[in-house]
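Side-chain atoms are counted along with the backbone in the values below, which use heavy atoms only and exclude waters and symmetry mates. Start at 1 with the first residue, then count along the sequence.
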Amino acid sequence: MRPEPSIRTPRARPRRDGPASGALAVTLAALPVASGLSGCVPEGPPSERDPALGAGFRDDFEREQLGEAYRATSAAWQIEGGALCGRGAKNHGVWLTRRLPRHARITFDAWTTSTDGDLKVELWGDGKSHATGNSYDDATGYLAILGGWSNRRHVLARLDEHGDDRVVMEVEPSATTGPAAPVFAGRRYRFVIERDRDERLRWSVDGELVASFDDPEPLAGPGHDHFGFNDWATPVCFDDLEVLPL
């Protein structure tokens, strides 16, 4: 039986299997598009000087340089073939400098060429921090990890990817579809992560719910208002980012 999604209450590009959520059918033409013209990565800690999200943000990474909309905490990140890619970042991610509102929907494509999976992002973090040791137990936001721990589990965590309160779905190695399937090398996945006014964090991949998290003390406001891409060791790529306020 396929396990139910976990719910806790406290350029030949890779293919993408499965439809994107119908809830994402929005008009994006008016949203600001990231530009790499300056070729600059902002220095220093995030602050009120980081622009607010406004009506939304989108990025197809069709350029040569990361650009001023991002703050990288490692040299592992670069633009490759119209995507943001990294390898061996050791939990030193790259942050979007736009400040997130408390309620937002974040969508993007992610893939790896490795059978080890490990597609990872950070949500409502501080926009500057990174792991200070081998274990990422000092994150500043939520962590969504697809195929982590050598493709053995999918995890939605708060502040600590090893925390006792994390939501875990164990991978079914023989599954080829569904939320419990492992990450397949070369397959492009569409992530949808949102927190709406019921304060529940929901994470879906290719239209299927992987996990949700009810946080009695939601991470929001200054210090918890940025989104970032991350990686440990495997080669990963991200593309077609869309961030919308809810």
Within a 6.0 Å radius of atom CG on D198, are there more than 12 heavy atoms belonging to other residues, nucleotides or ligands?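 Result for CG/D198: enclosed.
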Tell me if the CZ atom of R153 is crowded by more than 12 foreign heavy atoms within 6.0 Å. yes
Validation row: [X], [Y] side chains within 4.5 angstrom (heavy atoms):
X: Y70; Y: D59; result: yes
X: I106; Y: L241; result: yes
X: F229; Y: V236; result: no
X: V210; Y: L156; result: no
X: V205; Y: H154; result: no

[X] (side chain) donor-acceptor with [Y] (main chain) under 3.5 angstrom:
X: H162; Y: D160; answer: no
X: D196; Y: H103; answer: no
X: R202; Y: E194; answer: no
X: T97; Y: A69; answer: yes
X: T112; Y: A185; answer: no

Indicate whether the side chain of D138 and that of T132 have a donor and an acceptor atom separated by less than 3.5 Å. yes
Residues [X] and [Y] bridged, charged N to O under 4.0 Å:
X: R188; Y: D240; answer: yes
X: R190; Y: D109; answer: yes
X: R102; Y: E199; answer: yes

Would you check, one step at a time, whether the test salt bridge (Lys or Arg N to Asp or Glu O under 4.0 Å) holds for D215 with R195? CA-CA 11 Å; D215 190 350; R195 182 170 63 187; 5.8 Å; no
[X] side, atom [atom1]; [Y] side, atom [atom2] - distance, nearest 0.5 Å:
X: L84; Y: I79; atom1: CG; atom2: CD1; value: 5.0 Å
X: R71; Y: T73; atom1: CZ; atom2: OG1; value: 10.5 Å
X: L119; Y: C237; atom1: CG; atom2: SG; value: 10.0 Å
X: W95; Y: D50; atom1: CH2; atom2: CG; value: 11.5 Å
X: I193; Y: L201; atom1: CD1; atom2: CG; value: 7.0 Å
X: L159; Y: Y142; atom1: CG; atom2: OH; value: 8.0 Å

Considering non-hydrogen atoms only, spot the tightest contact between [X] and [Y] and give its length.
X: A181; Y: T176; value: CB-C, 4.0 Å
X: G56; Y: L244; value: CA-CD2, 4.3 Å
X: A55; Y: P245; value: O-CD, 3.4 Å

Let me have the donor-acceptor pairs involving side chains of residues 143-151, under 3.5 Å, with sequence neighbours excluded, atom names and distances please.
residue, atom, partner, partner atom, Å
N151, OD1, V183, N, 2.9
N151, ND2, T115, O, 3.0
N151, ND2, V183, O, 2.8

Can you name the residues that form a side chain to side chain donor-acceptor pair (under 3.5 Å) with T140, not counting sequence neighbours?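 Counting only residues at least two positions away or on another chain, T140 forms a side chain to side chain donor-acceptor pair (under 3.5 Å) with D126.
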Could you tell me whether F108 and F61 have their ring centroids closer than 6.0 angstrom?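 Ring centres of F61 and F108 not closer than 6.0 Å.
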If the plane angle is over 60° it's perpendicular, under 30° parallel, otherwise tilted; pick one for F238 and W77. tilted
Hydrophobic clusters here meaning ILVMFWY residues chained together by side-chain heavy-atom distances under 4.5 Å, can you tell me if L209 and V171 are in one? no
I'd like to know whether E161 forms a side chain to side chain contact (heavy atoms under 4.5 Å, CB included) with W232, so could you lay out the CA-CA distance, the side-chain angles of the two residues, the decisive distance to 0.1 Å, and finally the verdict. CA-CA 12 Å; E161 65 183 14; W232 174 246; over 6 Å; no
